[in-house]
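Here is the structure we will look at.
Count residues from 1 along the sequence.
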Amino acid sequence: MVKVGFVQMNPELLSLDRNYSKAEKLIKEAEKLGARLVVLPELFDTGYNFETREDVFEIAQPIPDGETTSFLMDIARDLEVYIVAGTAEKDGENLYNSAVVVGPSGYLGKYRKVHLFYREKYFFEPGDLGFKVFDLGFLKVGVMICFDWFFPESARTLALKGADVIAHPANLVMPYAPRAMPIRALENRVYTITADRVGEERGLRFIGKSLIASPRAEVLAMASETEEEVGVVEIDPSIARNKRLNELNDIFKDRRPDYYFT
């Protein structure tokens, strides 16, 4: 058994220091509740609804050598927790909507969002690293970001790669994900942790409702639509590692991929 959690926060657009301060406070709250893995929202450090690409380029940080990764590594080391956090990544002249994964021992890796949503296409390049699963020793964590959930192949790929939990940093504006994520969890028999944001930016409202879902489609924790808060629950990874529904059905062994594509 292990405790995992989400941070739901309201980042301030283009304000790294204020967002670091807010995130640190909420991560500490989650750690006090026993969380060993904490998931933060998409673009927790920069805000989301940018006006120009220049705005993003000015504030985006390289990974792992930038300010955001250093900030997260310091907290992970001090609190002895693992963190998955969405951030704007600068790589040369390119920008990516990314997630960084850190732990007590330091930097573990990154994921770049594969499916860009709406105006993100004006600012970011599509992710080019593929879907990744990070082995924390006690837990295998797959990562996808926000709109990736809309494509069932995202969660299925992570599950097939061995994820026990899918960490899902998000900035949700459509209402569907809180209803859909328990189904993503069920159909792949994994836990999912959606860490959403709240608030409004330049007329765009975010829906909150961060949630943790079980391999049985149970909603184990759900946040409000408006408040900054954390949610922490205890999960049993062995449930996610058992893909059998009964003595005759195994959701992976029963797959028939030859019939899925034309």
Side-chain angles (χ1 to χ4, degrees), residues 7 9-24 26-27 38-77 81-103 105-134 141-149 151 154 158 167-173 194-197 199 201-202 204 206:
V7 161
M9 60 181 281
N10 183 3
E12 186 172 322
L13 188 64
L14 305 177
S15 183
L16 287 178
D17 288 341
R18 290 187 182 181
N19 293 331
Y20 293 159
S21 178
K22 189 173 293 191
E24 182 174 8
L26 292 165
I27 294 168
V38 182
V39 184
L40 272 63
E42 176 183 21
L43 300 173
F44 90 95
D45 55 342
T46 63
Y48 180 84
N49 198 17
F50 309 109
E51 193 161 11
T52 68
R53 189 179 186 279
E54 288 69 31
D55 284 343
V56 195
F57 197 83
E58 187 93 7
I59 200 169
Q61 301 290 311
I63 298 175
D65 299 322
E67 191 175 344
T68 293
T69 307
S70 294
F71 159 75
L72 293 168
M73 287 193 299
D74 287 345
I75 294 180
R77 183 189 62 247
V81 297
Y82 293 82
I83 302 171
V84 179
T87 179
E89 179 192 1
K90 182 190 298 182
D91 184 4
E93 293 301 308
N94 291 329
L95 296 171
Y96 296 95
N97 185 338
S98 295
V100 61
V101 184
V102 300
S105 63
Y107 172 72
L108 300 178
K110 65 185 176 183
Y111 163 72
R112 291 170 171 169
K113 187 175 183 179
V114 169
H115 303 100
L116 298 177
F117 179 70
Y118 194 42
R119 294 181 68 250
E120 292 171 28
K121 294 185 176 185
Y122 294 155
F123 313 124
F124 299 110
E125 299 297 317
D128 56 359
L129 300 178
F131 291 101
K132 294 187 173 186
V133 174
F134 299 89
V141 180
V143 182
M144 65 183 189
I145 298 175
C146 204
F147 192 49
D148 284 331
W149 80 265
F151 301 83
S154 306
L158 291 168
H168 181 217
N171 278 185
L172 299 169
V173 294
T194 297
D196 194 20
R197 64 160 291 176
E201 269 181 11
R202 299 178 56 240
L204 190 64
F206 303 90

Checklist entry - Is there a side-chain contact (heavy atoms from CB on, under 4.5 Å) between I27 and L40 once you walk through the steps? => result CA-CA 8 Å; I27 294 168; L40 272 63; 3.8 Å; yes
Item to check | Evaluation steps, salt bridge (charged side-chain N to carboxylate O under 4.0 Å, His left out), between K113 and E42 | outcome: CA-CA 10 Å; K113 187 175 183 179; E42 176 183 21; 2.9 Å; yes
Next on the checklist: Working note: K132 + L129, criterion side-chain contact (heavy atoms from CB on, under 4.5 Å); need CA distance, chi angles, decisive distance, verdict.
Outcome noted: CA-CA 8 Å; K132 294 187 173 186; L129 300 178; 4.1 Å; yes
Checklist entry - Passes side-chain contact (heavy atoms from CB on, under 4.5 Å), F57 versus L95? Steps please. => result CA-CA 7 Å; F57 197 83; L95 296 171; 3.8 Å; yes
Checklist entry - What's the verdict on side-chain contact (heavy atoms from CB on, under 4.5 Å) for N19 and T46, showing C-alpha distance, side-chain angles and the deciding distance? => result CA-CA 7 Å; N19 293 331; T46 63; 5.7 Å; no
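Distance check: L204 CG to N171 CG gives 8.5 Å after rounding to the nearest 0.5 Å. The distance from atom CG of L116 to atom OH of Y122, rounded to the nearest 0.5 Å, is 12.5 Å. Distance check, rounded to the nearest 0.5 Å: OG1 of T68 to CE of M73 gives 11.0 Å. Atom CD1 of I75 sits about 11.5 Å away from atom OG of S70, to the nearest 0.5 Å. Rounded to the nearest 0.5 Å, atoms CZ (F134) and CG (L158) are 9.5 Å apart. For the atom pair NZ (K22) and CE (M9), the distance works out to 6.0 Å, reported to the nearest 0.5 Å.
For the pair W149/L172, a side-chain contact is recorded, criterion being any heavy-atom separation below 4.5 Å from C-beta on. Looking only at side-chain heavy atoms (C-beta outward), V38 and Y82 stay at 4.5 Å or farther from each other. Side-chain contact between F117 and N97: absent, with no pair of heavy atoms (C-beta onward) separated by less than 4.5 Å. Using a 4.5 Å cut-off on side-chain heavy atoms (C-beta onward), I63 and S98 make contact.
Annotation for A88 and V56: closest pair CB-CG1, 4.2 Å, computed over non-hydrogen atoms. When all heavy atoms are compared, the tightest approach of I145 to A99 is CD1-N, 3.7 Å. When all heavy atoms of F124 and Y96 are compared, the closest pair comes out as CD2-C, 3.3 Å. When all heavy atoms are compared, the tightest approach of A85 to L72 is CB-CD1, 3.7 Å. Nearest approach of A195 to V39, heavy atoms of both residues: CB-O, 3.2 Å. Across every non-hydrogen atom of L108 and V102, the tightest pair is CD1-C, 4.1 Å.
Taking the six-membered ring where tryptophan is involved, the planes of F131 and Y111 are essentially parallel, since the angle between them stays under 30° and well short of 60°. Relative orientation of the F50 and F123 rings is perpendicular, given thresholds of 30° and 60° on the angle between their planes.
Sorted by first and then second residue, the salt bridge (charged side-chain N to carboxylate O under 4.0 Å, His left out) pairs with a member in residues 84-100 read E89-K110, E89-R112, D91-R112; sequence neighbours excluded.
Environment of CZ in R53: crowded, with over 12 heavy atoms of neighbouring residues, nucleotides or ligands closer than 6.0 Å.
Here F147 and F151 bring their ring centres to under 6.0 angstrom of each other.
No side-chain donor-acceptor contact under 3.5 Å links H168 to the backbone of V143. No donor-acceptor pair under 3.5 Å is formed between the side chain of D45 and the backbone N or O of L16. Between the side chain of Q61 and the backbone N or O of I59, at least one donor-acceptor pair lies under 3.5 Å.
Under the ring-ring contact (aromatic ring centres under 6.0 Å, His included) criterion, Y107 pairs with no residue, sequence neighbours left out.
If you run side chain to side chain donor-acceptor pair (under 3.5 Å) between Y48 and each of E201, R197, E120, only E120 comes through.
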